Structure formats: C-alpha cells, structure tokens
Protein chains: 2
Amino acid sequence: MLDAHGPPSLKSLAAALGLSAATVSRVLSGQAERYRISRATRDRILAQAASSGLVVNHLARSLRLQRTLSIGLVIPDISNPFFAMLAREVERSARRHGYSVLIADSEEDPAVEAQALALMQQRHVDGLILAPVGTPAAVASLSALGARPCVLIDRLLPELALPAITSDHRAGAALAVAHLIERGHTRIACVQGSPGTFANDERVAGWRGALSEARLPAGPELVVGGGYSIDAGRRAARALLQRAERPTAVVALGNLLALGVLQAVHEARLAVPADLSLIGFDDQPWASVVDPPLTLIEQPIEQLGREALALLLERIGGDAAPAARRTLPVRLIERASVRDLRSGDRPLPPARSPQGTP
Amino acid sequence: MLDAHGPPSLKSLAAALGLSAATVSRVLSGQAERYRISRATRDRILAQAASSGLVVNHLARSLRLQRTLSIGLVIPDISNPFFAMLAREVERSARRHGYSVLIADSEEDPAVEAQALALMQQRHVDGLILAPVGTPAAVASLSALGARPCVLIDRLLPELALPAITSDHRAGAALAVAHLIERGHTRIACVQGSPGTFANDERVAGWRGALSEARLPAGPELVVGGGYSIDAGRRAARALLQRAERPTAVVALGNLLALGVLQAVHEARLAVPADLSLIGFDDQPWASVVDPPLTLIEQPIEQLGREALALLLERIGGDAAPAARRTLPVRLIERASVRDLRSGDRPLPPARSPQGTP
DNA sequence: CAGCGTTGCACAATCGATTGCGCAATTCAA
DNA sequence: TTGAATTGCGCAATCGATTGTGCAACGCTG
C-alpha cells in the first residue's frame, strides 16, 4: 500500500524497493531463477507486489512483446442465440488459456465487418475467429488482416485457404428433408438465411440435393426468405402461406427463422404441424416448449467454439499446419412439428393435453 | 505498398517519406492545422498512408495517451438472451462513439467476476459497465477498479455510490402479481433467480409487497428456486407442482426461468394456464410462440444498454456528476399464460386452433 | 594477496505513437 | 542589408514493461 502516487506500476514498485524495474519484471514474470535473483530480493518483491495490488500494465507489455494475449471474435449477430452460445464458449475457452476476447458484431453487413476487421488489426489481437459475411467485398477486406492467424467458424470462404470449423450444414438440411420425405411429404419448401454465406448455401444445397435425389420438386420458387432474423422468417412464411399451392412442409435454415415461421403460422390462424410441418436448425432452450415442440437439426455449438479456439491457439503457437477444415456432424432431434402424412390424420407422438381442460 | 519491411507503422512511413514520425503523427491525427504542416506535406503523408494501408498501432497510442478507447462489459451470462441483447446494444452504441468493447462473462460467480474485473483493470479499459453478481466479495473486488468510471446495469449495489441504470424490477413484479390477483388468483408463488442480486431481490420484494397489500400469503415457502438457468427454473417448478397445496399461479423472475417452468409443466403432463398460470420476465422472440404464448413483464433492454453507455461516456468525459440512478419503467404484455379464475373455466382470449385438425 | 569465477543486480535500448519546445529557413519591412 | 516575424518541421522525452549485456562485489583457490 505505502504511498501510492499515481497508479501502481512495476516501475514505481521498483523505486519503492530501491531496485531496478528490470529486476522486478523478471521476478514477476517468473524468470527469477534464470536471472539468478536472490531469494531474499524475490520475496521482497513478491510481498510488495501483493500488498500494493500491483497489476502490470498490459498495454506496455503487449507493445514490447508484440502480442496481446487477446483474440478477436467477429460474428454477424450476438443476439442470435446460436452466436451468443458460440461467443460464450469461445470466451470461456479463451479465458482458460489466458486469452481475452474482443467481440465485434458485423450485423451481417460487409461494411461493418470490414470495420470490425480493421479494429481487430489496430488492436493487435493475436488471432481471429470469424464467421464471415462472405461476400467478395468481405473477402477483400480480410486480406487486410495480414499474416494474423485466422480461423473461420460456421461459415467458410472457399476462395481463401483458411482453416475452418463448420458443422455439416449440407448433411443437416438433407437429413431434415429425408425425415420429411419419409413421412410422406412431397412439397417441401425452404426458408433460407443470408444467400451468399457458406452455411446458408450449403444448407440450401443439401435441401435441393435430397429433394432431387427423390425426384421431388426443388425449384427456386420453393426457396424463400433472405436474412437470419425473425422478421425475415415471418415474412417468408407469410408469402409461402398465401400461395395457391401451399407446401406441406418447410425447412427453416436458422433458429430465428423457425421462430418467424411459427409466428406467421399462428398469425394466419393455422397450426403446425396440422397445416404445415416445420423443421428448424439449432437446438435452443425454447425449442422444446414452443407450440408445437420443434423438430430440428442440432449443431454441436460448444464443440464448434472449443475446436475453433484450439485450432486458433495452435496457429498462434506457430504450428502453421496446412489449413485444416473440420466438419462436425449434426443430428436430428425429433419432437412434434412434423406431421406424418402416410397414416391419415393421426396427431403426433408427444400429444400433450390441449389447453383449457383442467 | 512500396517495400514493406515488417508491419507498416507510422515510423516506417515517416522514414519512407523522409519525414519525422512527429509530423506524420500530427497529420494522421488531424492536427495538421494546429502545427502548421504544409498542405503539400500533408497530402504526401495522407496519400502514402492510404496506399500502404497504414493502421496506427493502438497499443502504442493508448500507452502514450493513457486511454484505450475501449470499455469493459461484465455480465453474468452472455448466453442468456437478456444479456445477449444488452451486449449487442452496448457494443453497437460504443462502436458509434468510437469505442470497442471487451466482454467478460462472470458466470454468476463472484470469483470469476473478480477475475474479470482484474482483467479489465490490466487491459486499461477507459470505463466499465457491470451487472454485478452482488455478493460482498464481489463488492470488495470492485474497489480494485480504482478510479475507473463504472456504471452498473440491471443490478445495483446499494452499498456503493455508483451510477446505475436498472429497470423497475419491483414495480414489474408487483404488476405481475396485480394482474394475477385481478383474475382471481390467491395462491401465487414465485420462482426466483439468484438471491442476493439486486434485480432478484427487488422482484421478490415487489411480489411480496403486492401480495401483502392484498392480504394474501407471501411466505418463504412460496419463493422457490435459485439461479437464472433453465434447469433452475425447471427444478423449482417441479418442486412446486408436487406440493400438496399447489399454487394456482407462478411468477418467474427471469426469461429462462419461465422457460424452465414451462418445461416442468409439460413434463408433468399438465398445461399452462389450465393447471398453472405463469407470468415471466423479459420479452423474447420465442415468448409469443411458446405453448401457450407467454404473458410477461417487458423491460426496455435497448434503452438500458444505450443509457448505460451514454452515462459511462459522460463519466469518462469527466462529468463527475453525482452518481445518478435511473430506473426505467416496465410494462406487462398480456398473452395467454394466465387463466381467469373469476368466470369459471372459459379458456383464454387468443384461443388458437388446437393441433391435429386441418 | 593476486587472480579468477560466481552471484546479484543495474543500464540502456526497444516496442510505436505523441507532443512541448526549439531551430532553421524563408519572407517581409525598414 | 539587417532584424523581426512567420512558416515548416525535427529533436527528444515520455508512456511502462522487457531483455541482452555489463559491471560491481563477493568468495574461493593457490
């Protein structure tokens, strides 16, 4: 504690002890042995540091060491539960490894993303985890990152040889479609997210592939929507519901989209799955208690976050292995938003008591 | 572009132009006028900076200026939609003002929170927005922040004279209880979040106050739960449902808690609001499509975020006004999770078509 | 007691940007 | 032609921590 003029710094502590900053630095960074600092001196320094609540200035340290022990995380929308959970996992893993995380929200907008990347560059993050918006412009701005290690997550940029961790979007969508086909659906639409982004396009491709294989229609008129917001999902679903030839099932390629579809169906005084079957993406806490409980494709979000961080730290560590791309498996969680058209009109398995009867 | 040895720095650019770093610095920071740099020189520098893609080293700049243009945000759980939305709003506002945000998740744990605060200190954030865990230990670690401006959000620490922005938790809970009483409920339980945190205790107080005023039971046996997670909500609700004298209504003091209650009710093959009425907190996208659509207390999340940031920037700017505390009004959104006990058994207003009838 | 090795720590340069002060060169007036 | 005023920019210290090198003081041996 002593007399604290200004913020406690390594330097001021040294002065108070009549030592040089060099010695204090070496002790505090655990280099006492290597530089043969006497035990007595070391203890004095440690004691003083503890009692004065010294916190070394990370800015100065980073400047000198040329690394900040921080990483950047750029995602399209932190308020989307998928990315929120991803952020939580990345932050938590990073913390365990002594890194802190600078989060930026690109708002699914290439311009904002470019800004965010510039920010990351000027803040000198040691590495970057990025869910890219994915347009050519964004790709260009990516090069501004220089040689900073970068790992893509959820979405990848085929043009760039960057390591990436994604879940198997294509297989996920195909799985959803297969599930529907099995249950007698033949007219299956899809509510997409942001076209041009990898995750979306892969899912659309999976949807189309599964339908084509079954010789079912998969034309562009069955692909609606644009953007991952609830509103986008609702608007797309509204349009779909007004069509003369209404599809019997919809695959919503995002968790918020599925919510939007549900809202639109409710608005129209229709019901899922009676009037329309629905399969969503990403398991979320609310997915099991919405009306009806949502059948969906689950991605291993925690694993995505952890592996991305691990991969990034490897890169930062210098292991410039060839740009690995890992694709994580997904699975279908069956609940009650899909109607079985084969066996007449029987309702779905977990038929809960309808409200109103005590 | 030229010959780039090492990362482009202000210094290297100066060398390439045969100028001093001082001049370049002054031009780049818009101080050309003040220091009477000739137009020709200025243009040369600007051109070169643009073409070389120079990004000034923010670490060095911060070290020299003693400010980082960054703020810290410490919240208990980024994956909770309430805090995710708050984070998004804070980040967005901060970006508009030229600040970036360092986010840390305290996991509702005083020890982790203390770590996070230490991190913020060593990273030299210019200011801090904090939703404190609220225990005495946390309060103590707060003092480690030194004189750094700090604004509390969502929760406040009565012991500390810090500015704070919170919504009117107490009135919110009271509003919920009043709504239930009006509809004939007399046995109203409450599923709380983390006891000891301001938001929770205020809400419990509001719940209790409204009940006491109506001379209805508000004993501790009607307050269940602990923690803001879904699981906590589910466990609390399970216990409640097994009681001999089951309450007719529950107020869940958090959005995830309401979800947990719903899950527990569904598990028990019961229904809301037939068997149990429910009012939650925080409007969320899924709240209108769960089964049943949730009646709840809405907080002005965006406003909370924006005002907290504005208040913090004022503080950073030096306006050391007395620690203002703003309480933002909340409102009740009526949907369909409350049963009206006065008029027999008639179901609720937005009676949607039960599933299974096409 | 001289000489050599060891122990324990300080000096000073460095990371990159900022800024008060001051110096040279130019212009203008007398 | 000289002195003063102005223009245009560089010098060097500074922020705080890190690290290679160097220099005393000490102990030991012969």
Side-chain angles (χ1 to χ4, degrees), chain A residues 4-46 48-49 52-70 121-124 126 146, chain B residues 4-46 48-49 52-70 121-124 126 146:
Chain A
H5 300 316
S9 73
L10 182 155
K11 202 185 281 189
S12 68
L13 190 151
L17 252 38
L19 293 170
S20 77
T23 302
V24 176
S25 169
R26 296 197 245 251
V27 167
L28 291 186
S29 57
Q31 310 253 51
E33 305 290 295
R34 209 155 88 63
Y35 287 95
R36 298 175 317 200
I37 309 296
S38 70
R39 179 163 227 82
T41 304
R42 174 182 14 173
D43 292 346
R44 276 206 309 151
I45 292 177
L46 256 23
Q48 183 65 214
S52 69
L54 174 64
V55 173
V56 298
N57 187 320
H58 204 270
L59 292 170
R61 184 169 213 275
S62 299
L63 180 59
R64 183 61 232 259
L65 294 182
Q66 301 288 43
R67 48 186 207 132
T68 54
L69 285 180
S70 67
Q121 190 184 8
Q122 76 167 20
R123 299 273 167 165
H124 285 243
D126 292 341
Chain B
H5 301 314
S9 73
L10 182 155
K11 202 186 280 188
S12 68
L13 191 152
L17 253 39
L19 293 170
S20 77
T23 303
V24 176
S25 170
R26 294 196 250 250
V27 167
L28 291 185
S29 57
Q31 309 253 52
E33 305 290 295
R34 208 156 89 63
Y35 287 95
R36 298 176 316 201
I37 310 296
S38 70
R39 178 163 229 83
T41 303
R42 175 185 10 177
D43 291 347
R44 275 206 312 151
I45 292 177
L46 256 22
Q48 183 65 216
S52 68
L54 174 65
V55 174
V56 299
N57 187 320
H58 203 270
L59 292 169
R61 182 168 216 276
S62 299
L63 180 60
R64 183 62 233 260
L65 294 182
Q66 301 288 44
R67 50 183 207 136
T68 55
L69 286 179
S70 67
Q121 191 185 8
Q122 76 168 18
R123 299 274 166 165
H124 285 243
D126 293 341

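Every heavy atom of this structure was used, including side-chain atoms; hydrogens, water molecules and symmetry mates were not. Residue numbers start from 1 in every chain, and the chains themselves are labelled A, B, ... in the order their sequence lines are given, proteins ahead of strands. In this text the structure is predicted, and so the values were computed from the model without any measurement.
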_Whole angstrom value for the distance that separates P of C/dT18 from CD1 of B/Ile37_ = 13 Å
*Send over the distance from A/Asn57 CG to C/dC15 P, rounded to a whole Å.*
18 Å
*For A/Arg42 and C/dC9, what is the distance between atoms CZ and P respectively, to the nearest whole Å?*
11 Å
*Can you list the residues that meet the side chain to side chain contact (heavy atoms under 4.5 Å, CB included) rule with B/Gln31, with sequence neighbours excluded?*
B/Arg26, B/Ser29, B/Arg34, B/Tyr35
*If only side-chain N and O atoms of B/Gln66 are considered, is one of them under 4.0 Å from the OP1 or OP2 phosphate oxygen of D/dT14?*
no
*State the CG-NZ distance between B/Leu54 and B/Lys11, to the nearest 0.5 angstrom.*
13.0 Å
*side chain to side chain contact (heavy atoms under 4.5 Å, CB included) with B/Arg44: which residues, sequence neighbours excluded?*
B/Leu17, B/Leu19
*asked:* Applying a 4.0 Å non-hydrogen cut-off, can you work out what B/Thr41 is touching in the nucleic acid: base, sugar-phosphate, or nothing?
replied: sugar-phosphate
*Check the distance between D/dT18's P and B/Leu63's CG and give it to me in whole angstrom.*
12 Å
*Of all residues at least two apart in sequence or in a different chain, which pass the salt bridge (charged side-chain N to carboxylate O under 4.0 Å, His left out) check with A/Arg42?*
A/Glu33
_Protein proximity profile, nucleotides 19-28 of chain C - base contact B, sugar-phosphate-only contact S, no contact -, cut-off 4.0 Å on heavy atoms_ = BB--------
*Not counting sequence neighbours, list each pair that qualifies as a salt bridge (Lys or Arg N to Asp or Glu O under 4.0 Å) and has a residue in residues 54-69 of chain B.*
none
*Mind calculating the distance between CG (B/Leu59) and P (C/dA17) to the nearest angstrom?*
10 Å
_So, taking the atom named CG in B/Asn57 and the one named OG in A/Ser62, what distance separates them when rounded to the nearest 0.5 Å?_
9.5 Å
*Starting from P on D/dA17, measure out to CD1 on A/Ile45 and report it in whole angstrom.*
13 Å
*Which residues share a side chain to side chain donor-acceptor pair (under 3.5 Å) with B/Thr23, sequence neighbours left out*: B/Ser20
_Between C/dC15 (P) and B/His58 (NE2): distance, integer Å_ = 21 Å
*Separation of C/dG16 P from B/Leu28 CG (nearest whole Å)*: 16 Å
*asked:* If I take atom CD1 from residue B/Ile45 and atom OG from residue B/Ser25, how far apart are they, to the nearest 0.5 angstrom?
replied: 9.5 Å
*Which residue lies more 5' along DNA chain D, comparing B/Ser38 with A/Val56 via nearest heavy atoms*: B/Ser38
_Quick check: on DNA chain C, is the nucleotide nearest A/Gly18 upstream (toward 5') of the one nearest B/Ser9, or the reverse? Name the residue that is more 5'._
A/Gly18
*Pick base, sugar-phosphate or nothing for A/Leu19, based on heavy-atom distances below 4.0 Å to the nucleic acid.*
sugar-phosphate
_How bent is the helix from C/dC1-D/dG30 to C/dA30-D/dT1, measuring the angle between the end axes built from five pairs each, rounded to 10°?_
70°
_Residue list, side chain to side chain contact (heavy atoms under 4.5 Å, CB included) with A/Ser70, at least two apart or on another chain_ = A/Thr68, A/Ser100, A/Val125, B/Arg123
